[in-house]
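Nothing fancy with the numbering, it's 1 onward along the sequence. Note: hydrogens, waters and symmetry copies are ignored here, and every other heavy atom, side chains too, is used.
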Amino acid sequence: MRPAIRYLLIHVAIAASVLARPALAPAEPKLEMHRAGVSADDGSGRHLAVSSKGSFSVLLPIPFVSGKETPSGGGGERSAIGC
């Protein structure tokens with residue numbers, strides 16, 4: 001095989017694999033931030049973080065963020081609180 005044709009075929013194969021990659025990638029979950037940098041000091045230096053739906057709460061040592069994640073394939077949503 002001629003070097004020029006081989007060179008062309010290699011570059012076509014690389015381009016095809018790069019262009020096909022986004023179609024094969026799994027869908028990203030939907031992320032929704034409800035609150036960020038919340039300072040809810042209760043006087044003891046702890047911050048009471050309550051989930052947006054009120055299903056759980058936790059005391060944290062620093063201000064926090066809260067939100068939810070909805071998986072792209074369904075299966076319900078997940079609430080999260082972090083610092």
Side-chain angles (χ1 to χ4, degrees):
M1 187 180 290
R2 290 182 170 179
I5 293 174
R6 175 181 246 169
Y7 179 79
L8 177 65
L9 289 176
I10 289 172
H11 282 81
V12 167
I14 291 170
S17 68
V18 169
L19 293 174
R21 183 165 294 169
L24 300 176
E28 294 292 322
K30 178 183 173 192
L31 301 174
E32 184 177 314
M33 189 62 64
H34 294 159
R35 297 174 289 171
V38 179
S39 180
D41 192 340
D42 66 355
S44 69
R46 300 286 179 173
H47 301 266
L48 179 63
V50 180
S51 70
S52 298
K53 290 189 175 183
S55 57
F56 67 95
S57 63
V58 62
L59 283 172
L60 299 170
I62 61 175
F64 61 92
V65 297
S66 72
K68 73 176 181 179
E69 173 187 44
T70 306
S72 57
E77 61 187 37
R78 295 175 225 155
S79 296
I81 293 177
C83 22

[X]: side chain to side chain contact (heavy atoms under 4.5 Å, CB included) partners, not counting sequence neighbours:
| X | answer |
| --- | --- |
| L60 | A49, V58, F64, I81, C83 |
| S44 | D42, R46 |
| P71 | R78 |
| L8 | V12 |

Which Ile, Leu, Val, Met, Phe, Trp or Tyr residues join [X] in one cluster when any pair of side-chain heavy atoms under 4.5 Å counts as a link?
| X | value |
| --- | --- |
| I62 | none |
| L59 | L48, V50 |
| V65 | M33 |

Gap between atom NE2 of H34 and atom OG of S66 - 0.5 Å precision: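 The NE2 atom of H34 is 7.0 Å from OG of S66, to the nearest 0.5 Å.
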
Residues H47 and S39: closest non-hydrogen pair is CE1-OG, 3.4 Å

By side chain to side chain donor-acceptor pair (under 3.5 Å), E77 pairs with (sequence neighbours left out) K53, K68

